[in-house]
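Report on one structure; see the data block that follows.
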Amino acid sequence: MAARLIHRGPDEQGAFLSADGRCAMGFRRLAVIDPPGSHQPMSSEDGRLTIAFNGEIYNFQALRSELSGQGVNFRTAGDTEVLLQLYHRDGLDMFDRLEGMFAFVLFDSRAGRVLLARDRLGQKPLWYTLLPDRVVFASEAKALLAHPQIDRQVDSLSVTHYMTSGYIPSPRSIWRGVRKLPPAHWLVLPSDGARPQPYWQPQAKPPGGSGRDLVLHVRQSLTDAVASHMVSDVPLGALLSGGIDSAVVVALMSRAAGAAGGVRTFTASFDEPEFDESAAACKVAAHCGTDHTELPIRPLADNVLDELVAMYDEPFADSSALPTLLICRAARRHVTVALTGDGGDEVFAGYDRYRAMHLGQTLRPWEYLGTRIAAAVLRPWAGHNERNRARRFLRFADSLTYPPPVQYFTLRRLFGPDGLARLLTDDYAAQLEMDAPVRWFCDLYEGGDCNDDVARAQRHDMLTYLPDDLLVKTDIASMACSLELRAPMLDHRLIELGLSLPGELKLDRRRGKKVLREAFGDMLPASVFRRPKRGFAVPLGRWLRRELRQVMLDTLLDPAFLRRGIFRRDAIEGLINDHLSGRDDHRHRLWALLVLARWLALQNAAV
C-alpha cells in the first residue's frame, strides 16, 4: 500500500507495527520541515503514541514553545512531534489549537484506539474503509485499493452525484465500501457507530469595527497567513495566475522576502486569448521582482488523458486538472513547496455566481420583469458558447424563477434531475433516486446560519466545491509531482472573517472581492484589480471539436462503454452532435462523460 504513494513521499519510507499486532502503518515522506530528524511513523518516547502525518502545522513553533514551557522535552525540530505532544496533553481538544493542513492517523496503545483526523478545509485527503474486523486507511484510494479485502463495487448513486456536480462529495466515493473522512472531522475506532465527528464548521465571526477597520484587519490577517505559510526548510515558490488572489499572495511573499528576494513564480499560457492570463501574470511578476517561469499548455494526448484519469483514482471532471498538473511538474524542477491563491474566491466572494445570487435577491419588481423580458427577446440571438455574456445572462434570468437553493443549484450543476433522466437508461435510472443529488445540494445550502444568500453560497462552496473539487485537484496534481502546495487564504480565521464581512465589502453588481481591492490596492498595479474575472480554465470546447474530437467519439460511442447499460446512446449522440455543430455548448458535460468512460475502461484493465 505504501509503495503506491511513493510520489507523495519520495524522500524516505517508514513502517510501524504495534507490539500487540493490532495497528500497522506504512509511510512515504516528502521532507519539508526538519528533513534530517522527523522520521515517520513517529512514536512518543514512552512508546504509547504513534502517528503518521501528512501536511504542515503552520503554528507548530508557537505550540512547541508553549509545550516546552510546560516541561515537554522535544527530540526533533519539526511539527510531527508537536502533534504527538499536543494529543498527549489535550486529547481530542487538540484540534482547536491547530492551524494548518493535515491528515493523520494516531495510535494510542494505552487507550487501545486509533484516531483518524483531517484539517478544517480538507486540504489533505484521508480515505478509509470499515471491514468486519478492521479499518483500512490511506492518503489516496490507489493505496487503499491495494488491500485485498476492499470492495470495488461501483456505487450507482455516486455516479449520479458525479454527473450532477463533476465530482463525488465526501463522505461518498465511487466505491460502495470506501469513504472519505470529511473535512474538519475526526473518527475514533473502535467506537459505537463509527461515525466521524465534526470539530469545526465555517461560520461568521464578526471582529467588530468600522469598514476601514475590517479592511485593515483583512490586510493584517492575510499578511500573517502568508508569512506563516512560508516557513520551510526546502526551496519555496508560488503558482501565479493573472488574477487577484495569487497576485496578492505573491506580493506579500515578495514583501516578506525583502532584500533577500528570490521568490520563484510559475504560470500557464494558452494559445487562445480568451483563456490566456500569462501577460497579466508576467506584469505582476515584474512588479514584484520574482524569478518567473511561463509554461505553454497544449491539448493533452490520448495517453496523458488516461494518466490524468488514473491519477485521480475516482472520476473527476475538473478539466483544469491538466494545466494544474503541468504547472506543478514545471515548478517541482525548481522548488519543493509552492503557495497558491486557492480559496480567495470562496473567502472574499469572487465568483460571478455570487453576484448572480446578490442580484437575484435585490432586484426590484420592475427590474425582475425587465430581466425576464430581455431574456425572452435575446434568447433566439444569443450565442451558444457558455462563456458568452449573452448566454450567461440567459442562465441568470432562467434561475430567477427558483427559490435561492435551487437557483444556486442551477448555476452550479452539470445535469439536473431531468437531464439525468434523459441521459440514463431506464434500467439504470430505476435503481436510483434521481433527485437525491439536488436534495443534498439544497439541504447543504440551507443548513448554515448566514445573513444573506451570498454568505450561504460562500459557505456551501466551502463545504463541498472547495474541498471536493478544487483542493482535490491541487493536492493530487501537486503530490503526483512530489510538490507541496499551500493556500494562505484558507487560514480558518480568514474563512470566518470572509463570511462575516458586510455585503458592501464583498461585492456589488459589477464585481466581487472589494475588500481585497481596498486592502492591497497600494501593493499591485491597478490593472490587476480592473481585469474581469476569467477563472482557471482550458479551451475545452475547441479541444473537443478539434484536437480531442476523435478521442471523444471513439470513447463515448465505444460499444463496450454503451453495453454497460448506464447511458442512452441516442442521448450521448445528441450531446456530441449539438456540441460539434455549434448548436449548443456541452463542453463540461461531455468532458465528465469522457472521464467517466475512460475511468471505467481503466478499472477493467486494472482488474
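Side-chain atoms are counted along with the backbone in the values below, which use heavy atoms only and exclude waters and symmetry mates. From a predicted model like this one, the values you see are computed outputs, not experimental measurements.
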Practice problem: Spell out, as yes or no, whether a donor-acceptor pair under 3.5 Å connects the side chain of Glu99 to the backbone of Asn59. | Solution: no
Quiz item: Would a 4.5 Å heavy-atom cut-off, applied to side chains only, mark Ile174 and Trp599 as touching?
Solution: yes
Quiz item: Within the distance-only criterion (no hydrogens, no angle test), does the side chain of Asp79 pair as donor or acceptor with the backbone N or O of Ile57 below 3.5 angstrom?
Solution: yes
Quiz prompt | Donor-acceptor contact present, side-chain Asp108 to main-chain Ala111, <3.5 Å | solution = yes
Practice problem: Please check if any side-chain donor atom of Ser173 sits under 3.5 Å from a side-chain acceptor atom of Glu314, or the reverse. | Solution: no
Quiz item: Is the backbone N or O of Val347 less than 3.5 Å from a side-chain atom of Gln458, with the two atoms forming a donor-acceptor pair by type?
Solution: yes
Quiz item: How many angstroms lie between CG in Asp46 and CZ in Arg110, if you round to the nearest 0.5 Å?
Solution: 6.0 Å
Exercise. For atom CZ of Arg195, decide whether the heavy atoms of other residues, nucleotides or ligands shown that lie under 6.0 angstrom number more than 12.
Key: no
Quiz item: What residues form a side chain to side chain donor-acceptor pair (under 3.5 Å) with Asp93, not counting sequence neighbours?
Solution: none
Quiz item: Under 4.5 Å between any side-chain heavy atoms of Pro169 and Leu444, yes or no?
Solution: no
Quiz item: When you measure from the side chain of Arg120 to the backbone N and O of Phe95, does any donor-acceptor pair fall under 3.5 Å?
Solution: yes
Practice problem: Say whether Tyr465 and Ser165, considering side chains only, have a donor N or O and an acceptor N or O under 3.5 Å apart. | Solution: no
Exercise. Answer yes or no: are there more than 12 heavy-atom neighbours, outside Asp11 itself, under 6.0 Å from its atom CG?
Key: yes
Quiz item: What do the steps show when you test Val250 against Thr290 for side-chain contact (heavy atoms from CB on, under 4.5 Å), and what is the final call?
Solution: CA-CA 8 Å; Val250 167; Thr290 70; 3.7 Å; yes
Quiz item: Can the ring centroids of Phe137 and Tyr128 be said to lie less than 6.0 angstrom from one another?
Solution: no
Practice problem: Using side chain to side chain donor-acceptor pair (under 3.5 Å) as the criterion, list what pairs up with Asp522, not counting sequence neighbours. | Solution: Arg219
Self-check item: Within residues 204-235 or reaching into it, pairs that qualify as ring pair (Phe, Tyr, Trp, His ring centres under 6.0 Å) - sequence neighbours excluded
Solution: Tyr58-His229
Quiz item: Are side-chain N/O atoms of Asp224 and Ser221 paired as donor and acceptor at under 3.5 Å?
Solution: no
Self-check item: Between CZ on residue Phe27 and OG on residue Ser139, distance to nearest 0.5 Å
Solution: 7.5 Å
Practice problem: Evaluate whether atom CD of Glu446 has more than 12 neighbouring non-hydrogen atoms of other residues, nucleotides or ligands under 6.0 angstrom away. | Solution: yes
Practice problem: Measure the shortest side-chain to side-chain distance between Tyr312 and Leu308 over non-hydrogen atoms and say whether it is less than 4.5 angstrom. | Solution: yes
Quiz prompt | Taking every non-hydrogen atom, the tightest pair across Cys328 and Leu239 | solution = SG-CD1, 4.4 Å
Quiz item: Looking at residues at least two apart in the chain, or sitting in another chain, which of them share a side chain to side chain donor-acceptor pair (under 3.5 Å) with Glu12?
Solution: His39
Self-check item: Gap separating the CE atom of Met1 from the CD atom of Glu140, nearest 0.5 angstrom
Solution: 12.0 Å
Exercise. Would you please say whether a donor-acceptor pair under 3.5 Å links the side chains of Gln70 and Arg89?
Key: yes
Self-check item: Option among Val135, Leu126, Leu181, Val114 that satisfies the side chain to side chain contact (heavy atoms under 4.5 Å, CB included) test with Leu187
Solution: Leu181
Quiz item: Under a 4.5 Å cut-off applied to non-hydrogen side-chain atoms, are Arg172 and Leu157 in contact?
Solution: yes
Quiz item: If you take all heavy atoms of Thr474 and Leu471, which pair is closest and at what distance?
Solution: OG1-O, 3.3 Å
Quiz item: Under 6.0 Å from the CG atom of Asp443, do we count more than 12 heavy atoms belonging to anything else shown?
Solution: yes
Self-check item: For Arg64, side chain to side chain donor-acceptor pair (under 3.5 Å) partners two or more places apart
Solution: none
Quiz item: What are the two closest non-hydrogen atoms of Arg179 and Arg176, and how far apart are they?
Solution: NH1-O, 3.4 Å
Exercise. Measure centre to centre between the rings of His161 and Tyr167, then say whether the value is under 6.0 Å.
Key: no
Practice problem: Go through the steps for Asp151 and Trp175 under the test side-chain contact (heavy atoms from CB on, under 4.5 Å), then give the verdict. | Solution: CA-CA 7 Å; Asp151 181 3; Trp175 301 280; over 6 Å; no
Exercise. Please check if any side-chain donor atom of Lys473 sits under 3.5 Å from a side-chain acceptor atom of Ser320, or the reverse.
Key: yes
Quiz item: Can we say Asp313 and Lys142 salt-bridge, meaning some charged N sits less than 4.0 Å from an Asp/Glu carboxylate O?
Solution: yes
Practice problem: Taking atom types as modelled, find out whether Ser109 and Arg48 have a side-chain donor-acceptor pair closer than 3.5 angstrom. | Solution: no
Quiz item: Is it true that atom CG of Asn73 has more than 12 heavy atoms of other residues, nucleotides or ligands lying nearer than 6.0 Å?
Solution: no
Practice problem: Flag the pair Met42 / Phe53 as yes when at least one side-chain heavy-atom distance between them is below 4.5 Å, and no otherwise. | Solution: no
Quiz item: Are the side chain of Lys180 and the backbone of Ile168 linked by a donor-acceptor contact shorter than 3.5 Å?
Solution: yes
Quiz item: Is the closest side-chain heavy-atom distance between Leu115 and Val105 below 4.5 Å?
Solution: no
Practice problem: Walk me through it: do Leu524 and Val248 pass the test side-chain contact (heavy atoms from CB on, under 4.5 Å)? | Solution: CA-CA 8 Å; Leu524 288 161; Val248 167; 3.9 Å; yes
Quiz item: Minimum heavy-atom separation for Pro202 to Leu499, with atom names?
Solution: C-CD1, 3.7 Å
Practice problem: Please check if any side-chain donor atom of Ser482 sits under 3.5 Å from a side-chain acceptor atom of Arg8, or the reverse. | Solution: no
Self-check item: Side-chain donor or acceptor of Ser65 paired with backbone N/O of Gln61 under 3.5 Å
Solution: yes
Quiz item: Heavy-atom distance under 4.5 Å between the side chains of Pro183 and Ser170, does that happen here?
Solution: yes
Quiz prompt | Aromatic plane relationship, His492 with Trp200 - under 30° parallel, 30 to 60° tilted, over 60° perpendicular | solution = perpendicular
Practice problem: Examine the side chains of Thr265 and His292 and answer whether a donor and an acceptor come within less than 3.5 Å of each other. | Solution: yes
Quiz item: Does a donor on one side chain and an acceptor on the other come within less than 3.5 Å for Tyr351 and Glu346?
Solution: yes
Quiz item: Which heavy atom of Ile33 sits nearest a heavy atom of Ala77, and at what distance?
Solution: CG2-O, 4.4 Å
Quiz item: Looking at CD of Gln201 and CD of Glu496, how far apart are the two atoms once the value is rounded to the nearest 0.5 Å?
Solution: 10.0 Å
Practice problem: Determine whether Asp469 and Phe316 make a side-chain contact, defined as any pair of heavy atoms from C-beta on separated by less than 4.5 Å. | Solution: yes
Self-check item: Candidate pair Gln149 and Val136, rule side-chain contact (heavy atoms from CB on, under 4.5 Å), full reasoning
Solution: CA-CA 9 Å; Gln149 295 185 34; Val136 185; over 6 Å; no
Self-check item: Closest heavy-atom pair and its distance - Val454, Ala349
Solution: CG1-CB, 4.4 Å
Quiz prompt | Any pair counted as side chain to side chain donor-acceptor pair (under 3.5 Å), so long as it reaches residues 13-37, sequence neighbours left out | solution = Gln13-Arg28, Ser18-Asp20, Asp34-Ser38
Quiz item: Would you find a donor on one side and an acceptor on the other, under 3.5 Å apart, between the side chain of Ser232 and the backbone of Val234?
Solution: yes
Quiz item: Within the side chain of Ser478, is there an N or O that forms a donor-acceptor pair under 3.5 Å with the backbone of Asp475?
Solution: yes
Quiz item: Is the backbone of Val188 close enough, under 3.5 Å, to the side chain of Arg113 for a donor and an acceptor to pair up by distance?
Solution: no
